[in-house]
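Here the structure is a predicted model, which means the values were calculated and not measured. When reading the values below, keep in mind they use all heavy atoms of this one structure, side chains included, and skip hydrogens, waters and symmetry mates.
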Amino acid sequence: MSEARTRLLNTATGLFYVEGIRAVGVDRVIAEAQVTRATLYRHFPSKDDLIVAYLTQAGEAIRAQVTAARAEDATPDDIIRAVSRSIADDIQSAGFRGCAFLNAAAEYPDPAFAVHQAVLTHRQWFLETMTELFTDLGKIDAEPAARHFVMLRDGAMAAGCLTDPKPVCETFLRGVEGLLTYRSREP
């Protein structure tokens with residue numbers, strides 16, 4: 001990745017996440033990244049391409065967290081707990097403004113838009129990944145458990161930027177423990 005592309009993507013990422021995607025125009029990204037308009041469009045043919053790259057980068061960070069949790073020599077329950085803790089840590093981090101994907105979906109609700117498609121692609125990957133992790137527990141209801149986990153996560157992401165994130169994260173982690181306890185019972 002070229003230095004200019006990296007600078008553009010990092011600038012857009014910061015601005016889109018903090019201020020909102022539609023609120024930030026390409027002129028602002030160009031000015032703050034200190035590149036020319038031609039440079040922006042050489043790397044990102046449209047603003048939508050820049051937004052998709054921003055979401056792709058956000059998705060890669062989440063994939064890295066899941067990969068790190070899986071790399072530990074841990075039980076399936078502990079891997080799910082590690083993923084949950086990384087989510088709680090993100091929610092409690094400085095400058096947390098919610099889930100980049102949920103925020104993007106709210107700004108681009110039309111499923112025909114490339115931005116919305118990028119959100120759906122990421123969410124499908126996350127649901128499939130959580131389904132795999134719950135399947136590793138050896139239970140037959142892994143997909144409903146994964147959907148429940150994703151809903152808990154979505155709620156925590158939304159609430160975590162609206163109020164004190166500490167009790168939100170405590171509630172989220174308690175909910176995950178409840179899922180693991182329930183899912184650990186024999187069918």
Side-chain angles (χ1 to χ4, degrees), residues 1-71 82-130 132-133 149-151 153-163 165 168-169 172:
M1 192 176 332
S2 76
E3 180 187 335
R5 186 181 192 286
T6 300
R7 201 166 55 246
L8 278 163
L9 186 53
N10 289 342
T11 300
T13 293
L15 292 171
F16 290 162
Y17 186 71
V18 171
E19 297 182 24
I21 296 168
R22 290 193 186 268
V24 176
V26 293
D27 289 337
R28 174 106 180 269
V29 174
I30 289 166
E32 293 203 19
Q34 299 178 343
V35 297
T36 65
R37 182 174 297 278
T39 299
L40 170 76
Y41 288 116
R42 181 173 43 253
H43 294 289
F44 304 101
S46 70
K47 182 178 178 185
D48 283 355
D49 292 316
L50 180 59
I51 298 164
V52 169
Y54 152 65
L55 293 172
T56 299
Q57 183 172 279
E60 289 168 357
I62 294 167
R63 287 173 190 256
Q65 290 172 332
V66 172
T67 299
R70 282 181 153 167
V83 170
S84 302
R85 280 191 306 276
S86 71
I87 291 167
D89 290 346
D90 286 346
I91 292 169
Q92 295 180 84
S93 66
F96 179 74
R97 307 249 325 148
C99 171
F101 294 94
L102 294 176
N103 294 346
E107 291 194 59
Y108 290 83
D110 186 341
F113 286 147
V115 172
H116 195 89
Q117 287 298 311
V119 170
L120 293 177
T121 297
H122 170 76
R123 289 184 61 79
Q124 185 61 38
W125 166 83
F126 190 69
L127 177 60
E128 288 170 1
T129 298
M130 294 314 301
E132 288 172 16
L133 292 174
F149 181 95
V150 171
M151 287 175 49
R153 178 233 177 245
D154 289 350
M157 286 285 191
C161 65
L162 297 174
T163 186
V168 169
C169 291
F172 167 66

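- When only modelled atom types and interatomic distance are considered, T13 and N10 share no side-chain donor-acceptor pair under 3.5 Å.
- Between the CG atom of D49 and the OG atom of S46 there is a distance of 3.5 Å, given to the nearest 0.5 Å.
- Ring geometry for F16 against Y54 counts as perpendicular: the plane angle is over 60°, on a 0 to 90° scale with 30° as the lower cut.
- Within the 4.5 Å cutoff, the side chain of Y108 has heavy atoms near those of the D48 side chain.
- You'll find the side chain of I62 stays beyond 4.5 Å of the side chain of D90, heavy atoms only.
- Here the closest non-hydrogen pair linking S84 and F149 is OG-CE1, 3.2 Å.
- Interatomic distance, R153 CZ to L127 CG, rounded to the nearest 0.5 Å: 12.0 Å.
- The line from CG of L8 to CD of E32 is 11.5 Å long, rounded to the nearest 0.5 Å.
- In this structure, CZ on R85 lies 12.0 Å from CD on Q65, to the nearest 0.5 angstrom.
- Remark: the T67 side chain and the R70 side chain contain no N/O donor-acceptor pair separated by less than 3.5 Å.
- Closest non-hydrogen pair, R7 versus A33, comes out as NE-O, 2.5 Å.
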- Message: Before you tell me yes or no, could you show the steps for R37 and V26 under side chain to side chain contact (heavy atoms under 4.5 Å, CB included), namely the whole-Å CA-CA distance, both residues' side-chain angles and the distance that decides it to 0.1 Å?
- Response: CA-CA 8 Å; R37 182 174 297 278; V26 293; 3.8 Å; yes
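- In this structure the side chain of M130 reaches within 4.5 angstrom of the side chain of V83, judged on heavy atoms.
- Here the OG1 atom belonging to T11 is positioned 8.5 Å from the CD atom belonging to Q34, to the nearest 0.5 angstrom.
- Nearest approach of A53 to F44, heavy atoms of both residues: CB-CE2, 3.5 Å.
- Of all heavy-atom pairs between H116 and P111, the closest is CD2-CA, 3.3 Å.
- In this structure, E132 CD and E128 CD are separated by 7.5 Å, a value rounded to the nearest 0.5 Å.
- At distances below 3.5 Å, at least one donor-acceptor pair connects side-chain atoms of S2 with backbone N or O atoms of R5.
- R123 places a side-chain heavy atom less than 4.5 Å from the side chain of L102.
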- Item | Criterion side chain to side chain contact (heavy atoms under 4.5 Å, CB included) on L162 and V168, from CA distance to verdict | CA-CA 10 Å; L162 297 174; V168 169; over 6 Å; no
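- Summarising the local packing, CD of Q92 is surrounded by more than 12 heavy atoms from other residues, nucleotides or ligands at distances under 6.0 Å.
- Side-chain atoms of T129 and W125 include a donor-acceptor pair closer than 3.5 Å.
- Within the 4.5 Å cutoff, the side chain of M157 has no heavy atoms near those of the F101 side chain.
- No donor-acceptor pair closer than 3.5 Å links the side chain of Q117 to the backbone N or O of A112.
- Here the closest heavy-atom approach between residue A118 and residue L55 is recorded as CB-CD1, 4.1 Å.
- Here the closest non-hydrogen pair linking N103 and G98 is ND2-C, 4.0 Å.
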